[in-house]
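Chain identifiers are assigned alphabetically (A, B, ...) following the order of the sequence lines, protein sequences preceding nucleic acid strands; residue numbering begins at 1 within each chain.
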There are 2 protein chains.
Amino acid sequence: MAKDRKIDMVILGLLSHDNLTGYDIKKQIDGSIRFFWKGSFGSIYPALAELEKQGSVRRLKSNDGGGREKIIYSITSQGKEILKAWVRDEKASNDLKYETLMKLFFGGVESKETALRNIEVFEEQIKADLKVLQVYKANIEKALDEEDHVYFYLTILFGIETYEAYLKWCNKARKVLA
Amino acid sequence: MAKDRKIDMVILGLLSHDNLTGYDIKKQIDGSIRFFWKGSFGSIYPALAELEKQGSVRRLKSNDGGGREKIIYSITSQGKEILKAWVRDEKASNDLKYETLMKLFFGGVESKETALRNIEVFEEQIKADLKVLQVYKANIEKALDEEDHVYFYLTILFGIETYEAYLKWCNKARKVLA
DNA sequence: ATAATATATATCAAAATGATATATCTATTT
DNA sequence: AAATAGATATATCATTTTGATATATATTAT
């Protein structure tokens, strides 16, 4: 692998919008980008330390004295250059790991009812996520004049489009199994 | 994490259909299930060794003597039980890591042309994959009477449904950016 | 006042990736 | 017949990521 830490780009990307703590970064991943990416604390904090060491992010403020420990990071011009180079680079790995589908693929070892139940669980999750996405969409459509929002909007549209396809598939799958 | 190796289930699942070598397993992952899962040699071979040690798979035949080294594995009844228990278990993690989308999400740091180019690259890949899926679909529809094929068929339908949604999104995205 | 939850950083074993090394077998070209 | 290229086959390794856990403070609800 060697020097291809995707989490670095997530961090630099989010910091290009705002100054954030590691915790903030996690929250934003779980919020706005979770429909196409995810990341854990275990990768965020070590990555932040490395990015600081290499000069791509800067420690803006940290409560060393009293109060709660809290480190706010900002992106440096070097970090911004790295981010831009990555955006310009055409190659991109798009991987999905759908355990539901895998359970279904090997569904032959169990009953049809089990397969249907797995589809149902999947469907419920997607429906819940779709509702969240639709709220996001409605909110962002009020603020589409700002350029950065357009890109956010596109990823929301992606989420909605794919999740609706999943729901369509759930219905088809039920019919095929019946 | 501790004791939650997903690759084990991929291996047990594939072995529940056929006796296979590690290399065969990789080929099947890259072939039939790559639209919702992927796996590398680096996880397959160590997992096979562990599964054998715990008695979930059995070494069927290995050319220890002359000729090329080749180890064919088969699933044991214990392995089948583990596989069934996993299929019955409702919880499933469905994660996607779409670098294209991430590049688009942070597209604001670069030009609109870059964003459009990233969409184009994504679209080309999806179109190529969709063609493969359609061939799979046509072939399997001739053999849908066998029960196991139905589950394979469902995953193909999933692939087609989602990939068509991706293409629809590509068109929408272009319009939004224009 | 106290309990529960959210904020915040950090670390770790286990798992997975992607690359590389090694070697044999098969098909094609010269 | 020899050489070359590509497919088959196993194995290992550093790097990256996950998911869990530990620790501690701040905020909110009871």
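Nearest nucleotide to the side chain of Ser40(A), out of dT10(D), dA16(C), dG19(D): dG19(D). The side chain of Tyr23(B) sits closest to dT8(D) out of dT17(D), dA10(C), dT8(D). When distances are taken from the side chain of Phe41(B) to each of dT16(D), dT10(D), dA16(C), the shortest belongs to dT10(D). Which of dA16(C), dA11(D), dG19(D) sits closest to the side chain of Ile71(B) comes down to dA11(D). The listed nucleotides are dT18(D), dA10(C), dT17(C); the one nearest the side chain of Lys97(A) is dT17(C).
Rounded to an integer number of Å, the gap from Arg59(A) CZ to dA10(C) C1' is 12 Å. Computed from coordinates, the Arg5(A) CZ to dT17(C) P distance equals 18 Å when rounded to whole Å. Taking atom OH of residue Tyr73(B) and atom P of nucleotide dA9(D), one finds them 13 Å apart after rounding to whole Å.
In this structure, Phe35(A) and Tyr163(A) have perpendicular ring planes: the angle between them is above 60°, well past the 30° mark. Relative orientation of the His17(A) and Phe105(B) rings is perpendicular, given thresholds of 30° and 60° on the angle between their planes.
Remark: the Thr76(A) side chain and the Gln78(A) side chain contain no N/O donor-acceptor pair separated by less than 3.5 Å. Side-chain contact of Thr100(B) with Asn118(B): a donor-acceptor pair under 3.5 Å is absent, judged by distance alone. Defined by atom type and a distance below 3.5 Å, a donor-acceptor pair is missing between the side-chain atoms of Tyr23(B) and Tyr45(B).
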Should Tyr153(B) and Tyr136(B) be marked as a ring-ring contact (aromatic ring centres under 6.0 Å, His included) after you check the CA-CA gap, both sets of side-chain angles, and the distance that decides it? CA-CA 9 Å; Tyr153(B) 184 61; Tyr136(B) 281 4; over 10 Å; no
Step-by-step ring-ring contact (aromatic ring centres under 6.0 Å, His included) determination, Tyr166(B) to Phe122(B): CA-CA 9 Å; Tyr166(B) 294 164; Phe122(B) 178 62; 5.7 Å; yes
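Residues of residues 27-39 of chain B having a heavy atom closer than 4.0 Å to DNA chain C, listed by number: Lys38(B), Gly39(B).
Using a 4.0 Å heavy-atom cutoff across all strands shown, Gly42(B) reaches at least one base atom of the nucleic acid. Residue contacts for Thr21(A): at a heavy-atom cut-off of 4.0 Å it reaches the sugar-phosphate backbone alone, with no base atom in range. Counting non-hydrogen atoms under 4.0 angstrom, Ser43(B) reaches a base of the nucleic acid. Residue contacts for Lys26(A): at a heavy-atom cut-off of 4.0 Å it reaches no nucleic acid atom on any strand shown.
Ranked by how close their nearest DNA chain C nucleotide is to the 5' end, Ser93(A) and Asp24(A) are led by Asp24(A).
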